[in-house]
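Shown next, in structure tokens, is the structure this report addresses.
Excluded from the calculations below are hydrogen atoms, water molecules and symmetry mates; all remaining heavy atoms, backbone and side chain alike, are included.
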Amino acid sequence: MSDEMLQGTWHVVASSLGMWQRRSEPSITYAPLPDGRISDTVLSRGRGGWSTIVGIDERQPDGSLVWRGLQPLTLLVRSRWRVLLHDEPLAAIRFERTPFTEAGIDILARDAGAAPEAVAEIARRLAADPSAASFVPRLRPPKGRGGTVAPG
């Protein structure tokens, strides 16, 4: 996936990561920086209101990206991730394990109200990907979205 395709706001519509079961309305906004890196801003709502996590992504020679936090609590945190598929207006990304989160996948959509059938189709395609298949049974919508994510 090119950095241009990544740009803009994406809504997490399904995830295997437990953190999105406790937070609602998660979105990630990617914006290019002049030095070739990518600004990465995660916004979500929890019990205490909205929270923002800001980081910088740097493309790696193997095509993956490495996120580095920019806020005091995240300055030493690194997270490697990669785009598994991009089929506009949907995409899927895979995260490696960090000291704070398990490995997993997110299904992203340009529209927070993405059609469940389209999300299920992405899950079906991920089930055929050896790097994602083990996470597909754990895919769930974020808190407050309701429903399930069943591969079509």
Side-chain angles (χ1 to χ4, degrees), residues 1-116 118-119 122-123 125-126 129 131-132 134-136 138-149:
M1 173 183 223
S2 73
D3 292 345
E4 292 78 33
M5 288 183 201
L6 190 63
Q7 290 179 34
T9 299
W10 293 88
H11 301 274
V12 179
V13 294
S15 181
S16 67
L17 302 175
M19 69 184 188
W20 297 134
Q21 306 313 306
R22 298 181 301 274
R23 304 196 64 74
S24 63
E25 301 176 60
S27 66
I28 307 168
T29 300
Y30 300 105
L33 297 171
D35 65 3
R37 296 180 302 167
I38 302 167
S39 168
D40 182 323
T41 305
V42 178
L43 181 66
S44 65
R45 189 186 339 222
R47 280 187 280 167
W50 289 96
S51 68
T52 304
I53 301 171
V54 180
I56 298 289
D57 297 311
E58 191 166 336
R59 178 104 27 214
Q60 302 300 298
D62 67 357
S64 68
L65 294 109
V66 172
W67 178 90
R68 179 178 54 87
L70 296 178
Q71 296 159 294
L73 292 175
T74 63
L75 279 172
L76 299 176
V77 178
R78 303 278 189 278
S79 175
R80 182 176 294 270
W81 63 280
R82 74 174 49 251
V83 176
L84 293 177
L85 65 88
H86 176 254
D87 191 358
E88 193 72 34
L90 296 166
I93 55 180
R94 184 189 190 287
F95 299 88
E96 292 183 11
R97 186 181 181 285
T98 74
F100 306 101
T101 60
E102 69 268 26
I105 56 176
D106 287 345
I107 297 177
L108 308 175
R110 293 289 186 183
D111 178 358
V119 175
I122 295 296
R125 290 170 59 190
L126 290 170
D129 180 336
S131 71
S134 65
F135 300 111
V136 171
R138 297 194 324 240
L139 282 171
R140 302 286 180 272
K143 179 181 174 183
R145 273 191 52 92
T148 60
V149 179

Donor-acceptor contacts under 3.5 Å from residues 48-57 side chains, at least two apart:
from	atom 1	to	atom 2	distance (Å)
Ser51	OG	Arg23	NH2	2.6
Asp57	OD1	Trp81	NE1	3.1

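With salt bridges taken as basic N to acidic carboxylate O contacts below 4.0 Å, none links Glu58 and Arg68.
Taking Ser39 as the reference, nothing meets the side chain to side chain donor-acceptor pair (under 3.5 Å) condition, with sequence neighbours excluded. In this structure Ala109 satisfies the side-chain contact (heavy atoms from CB on, under 4.5 Å) test together with Val13, Leu90, Ala114, sequence neighbours excluded. Judged as a side chain to side chain donor-acceptor pair (under 3.5 Å), and not counting sequence neighbours, Arg138 has no contacts. Residues that satisfy the side chain to side chain donor-acceptor pair (under 3.5 Å) test with Thr29, not counting sequence neighbours, are Thr9. Partners of Ser16 under the side chain to side chain donor-acceptor pair (under 3.5 Å) rule, at least two apart in sequence or in another chain, do not exist in this structure. For Asp129, there are no salt bridge (charged side-chain N to carboxylate O under 4.0 Å, His left out) partners, not counting sequence neighbours. Partners of Arg80 according to the salt bridge (charged side-chain N to carboxylate O under 4.0 Å, His left out) rule, which considers only residues two or more places apart in sequence or in another chain, are Asp62.
Here His11 contributes atom NE2 and Asp111 contributes atom CG; the two are 6.5 Å apart, rounded to the nearest 0.5 Å. Interatomic distance, CD1 of Ile105 versus CG of Leu139, reported as 4.0 Å (0.5 Å rounding).
Taking a 6.0 Å sphere around CG of Leu75, one finds it holds more than 12 heavy atoms contributed by other residues, nucleotides or ligands.
The stretch residues 29-38 participates, sequence neighbours left out, in these salt bridge (charged side-chain N to carboxylate O under 4.0 Å, His left out) pairs: Asp35-Arg37.
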Starting from the C-alpha separation in whole Å, work towards a yes-or-no answer on side chain to side chain contact (heavy atoms under 4.5 Å, CB included) for Val77 and Trp67. CA-CA 8 Å; Val77 178; Trp67 178 90; 3.7 Å; yes
For a side chain to side chain contact (heavy atoms under 4.5 Å, CB included) check, start with the C-alpha distance between Ser79 and Phe100, then their side-chain angles and the critical distance, and finish with the verdict. CA-CA 10 Å; Ser79 175; Phe100 306 101; over 6 Å; no
